[in-house]
Amino acid sequence: MLDFIPLINNGKNVDPKPAQKFERPEALILEALQNSVDGTKTGEIPKIHFHFSRVNKSDCAFLGSNFQKHLKASKYSMEKNLPENIECLVIEDFGTTGIEGNHREVHLEKTTEGIENSWYYFLNDFGGESKLTSSGKGGSEGEGRQTFMLSSKISTFFGISIDHKKKIPAIFGMSYFGSHKVDAQRFNIFCDFGEKNKAEENVIPIVDEKKVREFIKLFGLKRKIDDAGLSVIIPIYNSNEITKEFIEKKIIEIYRVPLLRNKLSVY
């Protein structure tokens, strides 16, 4: 389905260390909602669904022995061992655009056709200044997406995005392990799940329909394979703080006006 592909670090190892900025549990909720609002399709009301699911470690080959070696070497993971039953928080939005651009060109800010590539900003641009010119749309440093990893006790998240124009479903994942060594080799701060793009020596999302369907079924997603938008899965989330009641409370506190005006639907 997915492959865990940590890349060897061959350059300057810069760690953005965002934990102090996003350590509050509500940061995850706000990031997910803001992403959905920013990505609303014209004429649509964004609908965001929070729910919970459970997967068995034995059903997740991508969380096998190689992943577990890196997990044990991680600087930021609160859990170093995977339980057999993995509890997940799932956040899905509908009526949104999904991640636009070219999923095969995650290394480019603009696609080879000259179009802004949201895949680059979502999967690659952490802590840069590329969003400063549009800081009113979800933050100015491009670091907020790390809340997905920081809210996981194994510093990991998975996702599926379906572009509303191309209708291509793509699955991916990422772990934030910090500067770490495995078998005496230093690896990148962020480790990816997907497939290896040998041409660019990077990792790209998977678009194989069979694997996408397996992914949707595994995590119990509400999204269908042709539903435009984004689903994010947080495995081993901080269940002591992030509860159904906590999510509802924070949404009402901060987004009550758009909710009352029918500009946003959360369920």
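- Taken from CD in Glu79 to OG in Ser74, the straight-line distance is 11.5 Å, to the nearest 0.5 Å.
- Residues Phe50 and Leu150 share a hydrophobic cluster, clusters being chains of Ile/Leu/Val/Met/Phe/Trp/Tyr side chains in contact below 4.5 Å.
- Side-chain contact check for Glu195 versus Val203: every heavy-atom pair is 4.5 Å or farther apart.
- Residues Phe62 and Leu218 come closest through the heavy atom pair CZ-CD2, 3.9 Å.
- Note that OG of Ser118 and CG of Asp163 are 8.5 Å apart. Values are rounded to the nearest 0.5 Å.
- Atom NE2 in His103 sits 11.5 Å away from atom CG in Leu123 (nearest 0.5 Å).
- Atom NZ in Lys153 sits 13.0 Å away from atom CD1 in Ile86 (nearest 0.5 Å).
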Please evaluate residues Val212 and Ile225 with respect to the criterion side-chain contact (heavy atoms from CB on, under 4.5 Å), reporting the C-alpha separation (whole Å), side-chain torsions for both, the decisive distance (0.1 Å), and the verdict. CA-CA 8 Å; Val212 171; Ile225 200 165; 3.9 Å; yes

For a side-chain contact (heavy atoms from CB on, under 4.5 Å) check, start with the C-alpha distance between Lys72 and Asn81, then their side-chain angles and the critical distance, and finish with the verdict. CA-CA 7 Å; Lys72 290 181 186 299; Asn81 296 292; 2.5 Å; yes

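- Put simply, the side chain of Asp183 never gets that close to the backbone of Gln185: no donor and acceptor are under 3.5 Å apart.
- Side-chain heavy atoms closer than 4.5 Å link hydrophobic residues (I, L, V, M, F, W, Y) into clusters, and following such links, even through other members, never connects Met78 to Ile234.
- Thr147 places none of its side-chain heavy atoms less than 4.5 Å from the side chain of Ile29.
- The main-chain N or O of Thr112 is found under 3.5 Å from a side-chain atom of Glu105 such that the two form a donor-acceptor pair.
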Gln146/Tyr76 under side-chain hydrogen bond (donor to acceptor under 3.5 Å, both in side chains): CA gap, chis, key distance, verdict: CA-CA 12 Å; Gln146 287 170 89; Tyr76 300 116; over 6 Å; no

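- Atoms NZ and OG, on Lys244 and Ser239 in that order, are 16.0 Å from each other to the nearest 0.5 Å.
- A donor-acceptor pair is defined here as one N or O able to donate and one able to accept, closer than 3.5 Å; such a pair exists between the side chain of Lys166 and the backbone of Gly101.
- Smallest separation of non-hydrogen atoms from Val106 and Ile204: CG2-CG2, 4.1 Å.
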Applying side-chain hydrogen bond (donor to acceptor under 3.5 Å, both in side chains), run through Ser155 and Ser77 and close with a yes or a no. CA-CA 5 Å; Ser155 306; Ser77 302; 3.1 Å; yes

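- Using a cutoff of 4.0 Å between basic side-chain nitrogens and carboxylate oxygens, Glu87 and Arg54 are scored as salt-bridged.
- Taking a cutoff of 4.0 Å between a charged side-chain nitrogen and a carboxylate oxygen, Lys250 and Glu253 qualify as a salt bridge.
- Taking CG from Leu108 and CD1 from Ile115, the interatomic distance works out to 12.5 Å, rounded to the nearest 0.5 Å.
- With Ser152 contributing its side chain and Pro235 its backbone, the two residues share a donor-acceptor pair below 3.5 Å.
- Neither side chain, Asn197 nor Glu200, offers a donor N or O lying under 3.5 Å from an acceptor on the other.
- The shortest heavy-atom contact between Met1 and Ile206 is O-CD1, 3.0 Å.
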Criterion salt bridge (charged side-chain N to carboxylate O under 4.0 Å, His left out) on Arg213 and Glu209, from CA distance to verdict: CA-CA 6 Å; Arg213 291 187 183 278; Glu209 183 175 325; 3.1 Å; yes

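- When the side chains of ILVMFWY residues are joined at heavy-atom separations under 4.5 Å, either directly or via intervening members, Val207 and Ile171 end up in two distinct hydrophobic clusters.
- In this structure, Met174 and Asp192 have side chains that are in contact, with non-hydrogen atoms separated by less than 4.5 Å.
- Residues Trp119 and Phe172 meet the side-chain proximity criterion, which asks for heavy atoms closer than 4.5 Å.
- You'll find the side chain of Ile91 stays beyond 4.5 Å of the side chain of His49, heavy atoms only.
- Proximity of a side-chain donor or acceptor of His70 to a complementary backbone N or O of Gln68 within less than 3.5 Å is not detected.
- Among all heavy-atom pairs drawn from Gly194 and Ile5, the shortest one is O-CD1, 3.9 Å.
- Under the ring pair (Phe, Tyr, Trp, His ring centres under 6.0 Å) test applied with Phe190, the options Phe177, Phe157, Tyr176 reduce to a single match, Tyr176.
- Using a cutoff of 4.0 Å between basic side-chain nitrogens and carboxylate oxygens, Asp227 and Lys222 are not scored as salt-bridged.
- Remark: the backbone N or O of Ile154 is paired with a side-chain donor or acceptor of Thr156 at under 3.5 angstrom.
- Of the possible polar contacts, one joining the Asn102 side chain to the Arg104 backbone as a donor-acceptor pair under 3.5 Å is found.
- Pro6 is not listed as a side-chain neighbour of Asn188, based on a closest heavy-atom distance of 4.5 Å or more.
- Between Cys88 and Val55, the shortest heavy-atom distance links the atoms SG-CG2, 4.2 Å.
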Test side-chain contact (heavy atoms from CB on, under 4.5 Å) applied to Ile233 and Leu89, step by step: CA-CA 6 Å; Ile233 301 100; Leu89 170 63; over 6 Å; no

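- Listed by first and then second residue, the ring pair (Phe, Tyr, Trp, His ring centres under 6.0 Å) pairs involving residues 192-251 are Phe4-Phe193, Phe52-Tyr237, Phe67-Phe193, Phe158-Phe193, Phe158-Phe219, Phe215-Phe219 (not counting sequence neighbours).
- At a threshold of 4.5 Å between non-hydrogen side-chain atoms, the residues Glu44 and Thr96 do not count as touching.
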Please report the C-alpha distance between Asp93 and Ser36 in whole Å, then the side-chain angles of each, then the deciding distance to 0.1 Å, and finally whether the side-chain hydrogen bond (donor to acceptor under 3.5 Å, both in side chains) criterion is met. CA-CA 6 Å; Asp93 64 34; Ser36 300; 2.9 Å; yes

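- Between Lys196 and Glu201 a salt bridge is recorded (basic side-chain N to carboxylate O distance below 4.0 Å).
- Taking the side chain as every heavy atom from C-beta outward, Asn85 and Asn56 approach each other to under 4.5 Å.
- Remark: the backbone N or O of Ile99 is paired with a side-chain donor or acceptor of Ser161 at under 3.5 angstrom.
- Of all heavy-atom pairs spanning Ala228 and Lys41, the tightest one is CB-NZ, 4.4 Å.
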Working for side-chain contact (heavy atoms from CB on, under 4.5 Å), residues Asp226 and Ile162: CA-CA 7 Å; Asp226 57 353; Ile162 301 169; 5.8 Å; no

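- In this structure a side-chain-to-backbone donor-acceptor pair under 3.5 Å is present from Glu92 to Arg223.
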